[in-house]
Number of protein chains: 4
Amino acid sequence: MPREVRERQMLDAAVAGFARHGYQAASMDDIAEEAGVSKPLVYLYLKSKEDLFTACIRRERAALVEAVRGGTGADRADGDGPRAGGVPGSGGSGAEQQLWRGLCAFFAHTAARPEGWSVLHRAHTQGEPFAREVAGLRAEITELVTLLLGRAAVDAGCDEEFAEREVSGLAHAMVGAAESLAVWANSRTDAVPSPKETAATLMNFCWTGLGQMIKGARWSPHR
Amino acid sequence: MPREVRERQMLDAAVAGFARHGYQAASMDDIAEEAGVSKPLVYLYLKSKEDLFTACIRRERAALVEAVRGGTGADRADGDGPRAGGVPGSGGSGAEQQLWRGLCAFFAHTAARPEGWSVLHRAHTQGEPFAREVAGLRAEITELVTLLLGRAAVDAGCDEEFAEREVSGLAHAMVGAAESLAVWANSRTDAVPSPKETAATLMNFCWTGLGQMIKGARWSPHR
Amino acid sequence: MPREVRERQMLDAAVAGFARHGYQAASMDDIAEEAGVSKPLVYLYLKSKEDLFTACIRRERAALVEAVRGGTGADRADGDGPRAGGVPGSGGSGAEQQLWRGLCAFFAHTAARPEGWSVLHRAHTQGEPFAREVAGLRAEITELVTLLLGRAAVDAGCDEEFAEREVSGLAHAMVGAAESLAVWANSRTDAVPSPKETAATLMNFCWTGLGQMIKGARWSPHR
Amino acid sequence: MPREVRERQMLDAAVAGFARHGYQAASMDDIAEEAGVSKPLVYLYLKSKEDLFTACIRRERAALVEAVRGGTGADRADGDGPRAGGVPGSGGSGAEQQLWRGLCAFFAHTAARPEGWSVLHRAHTQGEPFAREVAGLRAEITELVTLLLGRAAVDAGCDEEFAEREVSGLAHAMVGAAESLAVWANSRTDAVPSPKETAATLMNFCWTGLGQMIKGARWSPHR
DNA sequence: TATGAATGAGAGTTCATTCAT
DNA sequence: TATGAATGAACTCTCATTCAT
C-alpha cells in the first residue's frame, strides 16, 4: 500500500484519537490499532507522538484556513470590479460580505469536521510545541479578520490610525466569540443551528457596534 | 504547621504547576516539591491527583465568580428603588452598568491571577470530571450575562420573546469574546492593556449592536 | 522468543517468588528479574499482579488435580466389569485401592513440585479472589474423596444414609490430614519419607476406623 | 488509662484487623483507629508492626495451648487415682479420655475465638519470623498429642519402639485433620456442628485405626 | 501519657519507543 | 514495506515509621 494512503489513514486515526481523549490520554497503541497498522509503522512514518500530533494540527489548520480563505474569496481576484462599498451598518461593503462569508465558511467547516476542530481547539492546552502551532493558526485568522475590519474602516473613510490602534483587539474579540460559538453550536443536542444562523448571530452581535466605532463613537462608562 | 496553611500552600503550588504544564504533564512530585512538602502529605490532605485538580478548579472558580458577582453589584441590594433605566446606546442603564463593571472585574481578576485563570481556561480539555466542573462555571457566568442582557432588553421596552430566543447565543458570544480577550491581554508582552481598556474594547465591540437588535434591526447578508 | 515460552518462564518465576515470599511480599520487580524479563513484559502478558497470581494458582491446581485424578484411575474406564469389592479393612476394595493410589499420587506430586504446592497451600490466606480459587480446588479434592469413601461404604453394604450424613466430615478430616502431612513431609530435613510411606501413614491412621464406622460402630466418650 | 488496659485494647484491635485482612493488608492506621488510640502510641507500646503481630500470635497461642492443656487435664495431678486403662478401641483409657477432652477443648476454643484462631491459622503464611512462631505452637500441640498417643500405646502394652517410630507421623496427621475440621466447622453457614460433634467425628475417624496399629496391624496396598 | 504533622522508601502500573527480522 | 517482541523511564499512590510538642 502506497505511503501516502497509509499516512492519511494514520492521521485520520490520530485525529480521531486525539479529539476523543486529548493529546496525553490518547495512546499510540490505540492510534495504531485504529489505523489498522502496527506501531513501528507509525513511528517509521511519523517519527514520534509529538510529530504525529503536530502533523495532525498542521493538516487541520491548513484545511480550516483554506476553508475560511475560500469563503472570504481572498483567493479570488478580489479588487476587480466595482465594490458595493459602504460602511458597516449601511450594508453591502465588500469587506463586510467577505467577513460574513468567512464566518459562514468557518462555522460550516467546524461543523463538518468536528474532530479536526476539536484537535485544534484543544491543542493550545497541551504544552509548548503545540501551543505555538495553534497560536500561529490564531494569528493567521486574526490577521485576516483584522485586515477585513481595517479595510472596512478605510472604506468608510475613517483614518488609518484607527485600524492600527483598535482593530486588533476587536479582531481578537471576534475570533474568540466565533470560537466559543462554534463549540457551543457543535455541542448542542437540541436544535443545532445552521452555520449561517450562527454566523448571523455573531454579525448581529457586533457589526453595528463596529460601524459606530468607525464613525468615531466610543462607548464609555459614564455618559 | 497547621493544616489549613499547608493545604493552601499545596493548592497554590498545584495551581502554579497545572497552569504551567497542564493536568497530565504536571507531576505530583513537582507539585509537592514546589509546595515545600513531601508527596505523602499531599495525598494525605488532598486524596488524589484528580481531587487535587478539582480542588484547584473549585477554588479558582469560586474566586472568579465572587469577583465578577461583586463587580456587577449583584450582591448589593440593587433592584430596589427606581432604576436609572435607559437603552444600550442611550447610556446609563442599570444592566449596562452592571455588565460593564462585571467585565472590568473579570479582566482585573484574570490579570491579577493569571495562573488561576490559566487553570480554569485549560481545564475543559482535561477529561470528563474537570470538563463538567468548568462547564458549570461557564454556565454560571453565561447565565449571569444572559440575565443582564435580557434585563437590558426589557428595560429598553422590547418584547420578552427576544430575551428567550436570541439572548442566549449573544451571551455565549460575549463570554467567548471575553475569554479570548483575557488570554490575549495576559499574553501580551508589549503594552499590556489595563482591565478597563480591555473591557471597553469589548463594550465597544458589541454594545451598539445589541442596542440595534433590541430595536428590532437584524443584520442580513443581502441588503 | 515465542510468547508461550516466555509466558511459561514467567509463571515459573512467579510460582517460585510467591512460594518463597507470599503474594503480597513478592514484588513484580523480583519476579520479572527472576524470569529474565522486564516488568512491562510481565504486564503485557499477564495483565496484573492479581491475574498473575491467579494464573499460577490455576496452573498448579490443574496439575495437582490431574496428578491425583490420574492416580485414582478415575480417568480409566474403571467402574466397568465386576469389581473386586471388599470392605475397608478386609482388603482389596476398588475404592480403597483408588484412594490409596490417589494419596500416593498426591504426596508424590507435592514432593515433586514443592513450590507449586506451597503456592496452593498459602493462597487461601491471601484475600478473596484467591481464597475462592483454592476453595474450589479443595472442594474438588474433597468431593473426590467423599465419592471414594461413600463408594467404599456402599461396597461394604452399609446404608446410603451413612454416606450422606457423615462421609463429608470424614473427607474433610482426611484432606486436612493429607495437607498437614504433605507440608510436614516437605519440611523435614532429616530422613524425608517417601510418598508411599506418607500415604501408608495416613491409611493406617484412618482406614480401620472408617471400616468400623461403616459397620455401625461409633466412638463415644463414655463407654 | 493504665498501660495494661491500653495494651490489651491494642492487641484486641490488632487481632481483629489481622484476622480480617491478613498481616500485610491490615494497616497500622486502621488498627490504631480501631483501638481508639493514635498511631504513635501503638508504636510506643508495641515497637513495630512485626512486634505487634508477634505479640498477637503469642497471646493467642498461649490462650489456645492453655485451653487444650486444661482440657486434657494435663495440669491436674493426673496420675492419681485408678485409671480406667484399656487400649484404644476397648474404651476408657486415661490417655484416650485426655485426647478426647483435648480435642473438645480445641474445637470449643477455636469456635469461641474465631479471630484469634484465624490469626494463628494464617500466620505461618506470612514469612519467616511468624512462621517460626506458629511452628512452635504446632510443635507444642503435636508433642502433646504424640505424648498421649504414645502413652496410650504403652498402656496397651505395645513396645516402646512403636511410639518412637510411627506415632509422630500419626500425631501430625491428627493435628492437620483437627486444623482442617476447625476451619471447616467455623466456616459452615448451615447447621454448624458443636465442638463435641466435631471432636467425635475425628475420634471416629482415627481411633480404631490407631488401636489396630497398636496391636501391630498395618495397612498395606496389596493384601 | 498522648498526638498532630510529616516523610523515606518502595509498590504496581503504563507508555512512548526501539530492536531483530 | 511491515511487525512481534521487548524495555527504560516515569507516574500515581501507600505504608510503616518518627519528630516535636
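Under the side-chain contact (heavy atoms from CB on, under 4.5 Å) criterion, Val183(D) pairs with Trp117(D), His121(D), sequence neighbours left out. A search for salt bridge (Lys or Arg N to Asp or Glu O under 4.0 Å) contacts involving Arg6(B) returns nothing, not counting sequence neighbours. For Ala131(A), the side-chain contact (heavy atoms from CB on, under 4.5 Å) test picks out Glu128(A), with sequence neighbours left out. A search for side-chain hydrogen bond (donor to acceptor under 3.5 Å, both in side chains) contacts involving Glu140(C) returns Arg61(C), not counting sequence neighbours. Ala139(A) is linked by a side-chain contact (heavy atoms from CB on, under 4.5 Å) to nothing, counting only residues two or more places apart in sequence or in another chain. Listed by chain and residue number, Val15(C), Arg113(C), Leu120(C) satisfy the side-chain contact (heavy atoms from CB on, under 4.5 Å) test with Glu60(C) (two or more places apart in sequence, or in another chain).
Where Tyr23(C) and Met1(B) meet DNA chain E, the nucleotide closest to each residue was compared, and Met1(B) sits on the side nearer the 5' end. Between Gln24(B) and Ser27(D), the one whose closest nucleotide on DNA chain F sits nearer the 5' end is Gln24(B).
In terms of heavy atoms, Ile31(D) sits closest to Ala13(D) at O-CB, 3.7 Å. Here the shortest heavy-atom pairing between Met10(C) and Val42(C) reads SD-CA, 3.8 Å. The minimum heavy-atom distance between Ala26(C) and Gly17(C), with the atom names listed, is CB-O, 3.9 Å. For the pair Ser38(D) and Ala32(D), the tightest heavy-atom approach, listed with the atom from each and the gap, is C-CB, 4.2 Å.
A stem is defined here as three or more consecutive Watson-Crick or G-U pairs, each with both distances under 3.5 Å; for DNA chain E these stems are E:2-21 with F:2-21.
Think of the region where chain A sits on DNA chain F: with heavy atoms and a 4.0 Å cut, that region ends 5' and 3' at dA2(F) to dA6(F).
Atom-to-atom distance recorded for Gln9(C):CD and Glu7(C):CD is 11.0 Å, nearest 0.5 angstrom.
Listed by first then second residue, pairs satisfying side-chain hydrogen bond (donor to acceptor under 3.5 Å, both in side chains) with a partner in residues 13-36 of chain C read Arg20(C)-Glu34(C), Ser27(C)-Asp30(C), Asp29(C)-Lys39(C), not counting sequence neighbours. Residue pairs meeting the side-chain hydrogen bond (donor to acceptor under 3.5 Å, both in side chains) criterion with at least one member in residues 45-56 of chain D, sequence neighbours excluded, do not occur.
Residues from residues 3-22 of chain D placing a heavy atom under 4.0 Å of any atom in DNA chain F do not occur. For the contact set between residues 28-55 of chain B and DNA chain F, defined by any heavy atom under 4.0 Å, the members are Met28(B), Asp29(B), Lys39(B), Pro40(B), Tyr43(B), Ser48(B), Lys49(B).
Using a 4.0 Å heavy-atom criterion, one finds that Ala26(C) contacts the sugar-phosphate atoms exclusively.
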